[in-house]
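Structure first, commentary second.
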Amino acid sequence: MKCTQTKELLTDRNDIKIITYPHDINNWSEEQLKEAKTNDVFEDLLKTAPILWVHGEKQIGYLRIRKWLQDNK
């Protein structure tokens, strides 16, 4: 639910790429695992989603992402 709400907040943001991983980590591809680890969100995604990763900074959770978007229009 929160991931869907977050995607709706980002629909008009062409500067942000939305990447969706399967809920079950066992269904992640090797590329998805590598990407999550490279961008330092792997451990976070094991616990929760959504995560907004912009220029090396993470915003974790719908409310923090919504606040970040309000502050960075």
Side-chain angles (χ1 to χ4, degrees):
M1 181 74 174
K2 291 178 183 176
C3 291
T4 302
Q5 291 174 318
T6 302
K7 287 178 188 178
E8 289 174 7
L9 291 176
L10 298 171
T11 55
D12 295 334
R13 295 292 301 251
N14 296 327
D15 59 326
I16 297 174
K17 178 181 173 184
I18 297 174
I19 300 171
T20 304
Y21 293 166
H23 285 256
D24 185 346
I25 192 170
N26 295 315
N27 295 326
W28 290 16
S29 69
E30 287 297 321
E31 183 178 317
Q32 289 170 325
L33 284 167
K34 182 180 177 183
E35 182 177 48
K37 289 176 182 179
T38 300
N39 292 314
D40 193 31
V41 294
F42 178 75
E43 295 295 326
D44 300 309
L45 287 171
L46 292 176
K47 299 173 194 166
T48 191
I51 298 172
L52 176 66
W53 185 88
V54 179
H55 306 295
E57 293 184 28
K58 293 183 274 187
Q59 303 300 320
I60 300 172
Y62 172 77
L63 294 176
R64 288 184 181 145
I65 293 170
R66 187 178 74 188
K67 171 87 170 87
W68 184 91
L69 289 168
Q70 290 170 347
D71 294 345
N72 294 280
K73 288 189 177 190

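These numbers come from a predicted model, not from an experiment.
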- Item | Beyond-backbone contact of V41 with I60, side-chain heavy atoms, under 4.5 angstrom | no
- Query: So do L9 and W68 actually touch side chain to side chain, heavy atoms under 4.5 Å?
  - Reply: no
- Under the side chain to side chain donor-acceptor pair (under 3.5 Å) test, residues paired with Y62 that sit two or more places apart: none
- So with a 6.0 Å cut-off around CD of Q70, is the heavy-atom count from everything else above 12? yes
- Item | Minimum-distance pair of heavy atoms, taken over all atoms of K7 and T20 | NZ-OG1, 3.0 Å
- Which pair of heavy atoms, one from Q59 and one from R64, lies closest together, and at what distance? OE1-O, 4.1 Å
- Message: With clusters defined by side-chain heavy atoms of hydrophobic residues (ILVMFWY) lying less than 4.5 Å apart, directly or transitively, does Y21 cluster with I16?
- Response: no
- Hphob cluster co-occupancy, I19 + I65, side-chain heavy atoms under 4.5 angstrom: no
- Query: Which residue pairs satisfy the salt bridge (Lys or Arg N to Asp or Glu O under 4.0 Å) criterion with at least one member in residues 14-27, sequence neighbours excluded?
  - Reply: R13-D15
Donor-acceptor pairs are to be reported for all side-chain atoms of residues 43-56 against protein atoms at under 3.5 Å, with residues two or more places apart or in another chain.
| from | atom 1 | to | atom 2 | distance (Å) |
| --- | --- | --- | --- | --- |
| D44 | OD2 | K58 | NZ | 2.6 |
| W53 | NE1 | N39 | O | 3.0 |

- To the nearest 0.5 Å, what is the distance between CD (Q32) and CD1 (I25)? 10.0 Å
